[in-house]
Amino acid sequence: MPLASSASTVPVADAASLICHCQRVPYRVVEKAIDEGRAGSLADVQRETTACTRCFGCRFELERMLENRLGEAYVRTPFVRVPDAPGGRLGATGLRRRMYMPVFAGFKGQDVTTRVIMFNWPDVEGGAKEDVEMRADLHGLDGSRRRIWEARIASRRSAIIDIGREIGEEELPDGVGVLKIVVDADKLASLRPYFHLITPTGISSTHEKSGLGRPEADTRNRRYFWVFPVAASPFPEDAYFFCTNTGHRPLVGHELIWQSVSGEERRVSLPELGLDQTACVALHEHFPAIGSGRESGTVRLSPTVHVAGFILRHDPRRALWRVQHL
């Protein structure tokens, strides 16, 4: 089936009244809980309103509201999770699955934009042909939500977000961000998201990287090895390590380590990242051998931790990007 002919543009959601789109909680409900003294922390807001109990994408907006209304009395919570509640009211909400993709729109003054294509294709041939309801949140590197799209995608149809055409410069002032796709877990297998980095000379494509499925998952003793292979090149190229913290605990004390085939080793600290916060590290600036293309080697993330990670190489001569998820 020619899916391209059935593509439709995803409509922009009205974000004016809702602060939590998963639970459909309006701003005024949260404001009332804070002003009445029932909510003095993020956990209180979750218990009193059910906001921020599924995908956690409204965390930074809620924290700003708490800080604006409570001032110095408000203390931020480094670890975000679904708090315990009498009767299991929050536990019954069910977590939504999160998928992440890098977004470039005028990054470093370059003519590069991003387009996202999502296919609803059931796993089983001849199975139930159900629509998939999804939401896509555009985040800045600091995790703040800049724009929201919502859509219902029919079975064996596709939807497109042409981010470069739809957003203004003020929404991504640095020209880089992350798109977080949110979907119910039982529909996850049907949704196949891909993104394109588009320049005047070509299109690079790969698919999303999923976040952890449960808040407690990042506390388990499981090791993830993220390695960025770097091959020597006859021409200088830019190289970027792009990663989003999809775990519910902050990433603190992590490093990127360059190790060349000749044994040279250099390190650079990764900034502290909370949930949904992103780092886009210019490896060629920290490790000159990568930028010059003179030597092969690897860059690894240490200590081991789960992130939604991507490796990106940019050829300035041809204005061409190459991208692959870790």
Side-chain angles (χ1 to χ4, degrees), residues 10-27 29-31 39 41-43 45-67 76-83 90 93-103 116 118 132-151 161 163 166-167 171-172 176-185 187-188 191 193 195 208-215 217-218 243-251 273-279 306-308:
V10 178
V12 177
D14 178 13
S17 58
L18 296 178
I19 189 167
C20 177
H21 285 252
C22 287
Q23 298 289 70
R24 317 305 291 179
V25 179
Y27 279 88
V29 170
V30 177
E31 292 170 349
S41 68
L42 180 62
V45 170
Q46 291 173 309
R47 280 188 289 263
E48 291 293 326
T49 70
T50 73
C52 199
T53 57
R54 298 195 74 186
C55 87
F56 306 102
C58 54
R59 173 193 179 179
F60 294 101
E61 290 172 82
L62 291 169
E63 288 183 326
R64 278 195 295 272
M65 290 178 63
L66 286 160
E67 193 168 38
R76 287 179 176 267
T77 305
F79 178 66
V80 59
R81 65 181 181 89
V82 179
L90 296 181
T93 61
L95 292 173
R96 304 190 80 181
R97 289 304 304 269
R98 298 163 290 125
M99 297 174 282
Y100 297 81
M101 292 180 278
V103 171
V116 177
M118 291 159 287
V132 168
E133 292 186 9
M134 53 73 61
R135 191 182 79 247
D137 297 349
L138 178 65
H139 290 260
L141 298 184
D142 62 355
S144 60
R145 192 163 55 184
R146 309 297 176 88
R147 182 178 279 228
I148 299 167
W149 293 268
E150 291 183 319
I161 305 176
I163 295 174
E166 295 190 28
I167 66 171
E171 290 174 86
L172 281 183
V176 58
V178 64
L179 193 73
K180 170 182 169 182
I181 295 178
V182 183
V183 64
D184 283 330
K187 300 294 180 65
L188 183 67
L191 192 64
F195 67 91
E208 49 73 31
K209 187 72 174 160
S210 294
L212 294 169
R214 302 190 302 275
D218 56 344
C243 72
T244 302
N245 179 17
T246 67
H248 297 71
R249 294 187 183 277
L251 264 61
L273 300 175
L275 172 66
D276 286 349
Q277 292 185 329
T278 299
H306 185 280
V307 294

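Only this structure's heavy atoms are used, side chains among them; waters, hydrogens and symmetry mates stay out. Remember, predicted model here, so these are calculated numbers, not experimental data.
A side-chain donor from one of His306 and Thr246 sits under 3.5 Å from a side-chain acceptor of the other.
Partners of Asn245 by side-chain contact (heavy atoms from CB on, under 4.5 Å), not counting sequence neighbours, listed by chain and number: Leu251, Leu273. Phe195 meets the ring-ring contact (aromatic ring centres under 6.0 Å, His included) test with Phe310; sequence neighbours excluded. Asp142 meets the salt bridge (Lys or Arg N to Asp or Glu O under 4.0 Å) test with Arg146; sequence neighbours excluded. Every residue two or more places apart in sequence or in another chain that forms a side-chain contact (heavy atoms from CB on, under 4.5 Å) with Leu62 is listed here: Ile19, Val30, Leu42, Val45, Ala51, Cys52, Cys58. Under the side-chain contact (heavy atoms from CB on, under 4.5 Å) criterion, Leu179 pairs with Met101, Val103, Val116, Ala136, Leu138, Trp149, Ile161, Ile163, Ile181, sequence neighbours left out. Every salt bridge (Lys or Arg N to Asp or Glu O under 4.0 Å) that Arg24 has, sequence neighbours left out, goes to Glu150.
Residues Arg98 and Leu275 have side chains in contact (heavy-atom distance under 4.5 Å, counting atoms from C-beta outward).
Asp184 and Arg96 are joined by a salt bridge, as a carboxylate oxygen and a charged side-chain nitrogen come within less than 4.0 angstrom of each other. Salt bridge Asp276/Arg59: absent, no basic N to carboxylate O contact under 4.0 Å.
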| Intermediate values then yes/no, side-chain contact (heavy atoms from CB on, under 4.5 Å), His139 and Tyr100 | CA-CA 10 Å; His139 290 260; Tyr100 297 81; over 6 Å; no
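For the pair Arg147 (side chain) and Glu166 (backbone), a donor-acceptor distance under 3.5 Å is present.
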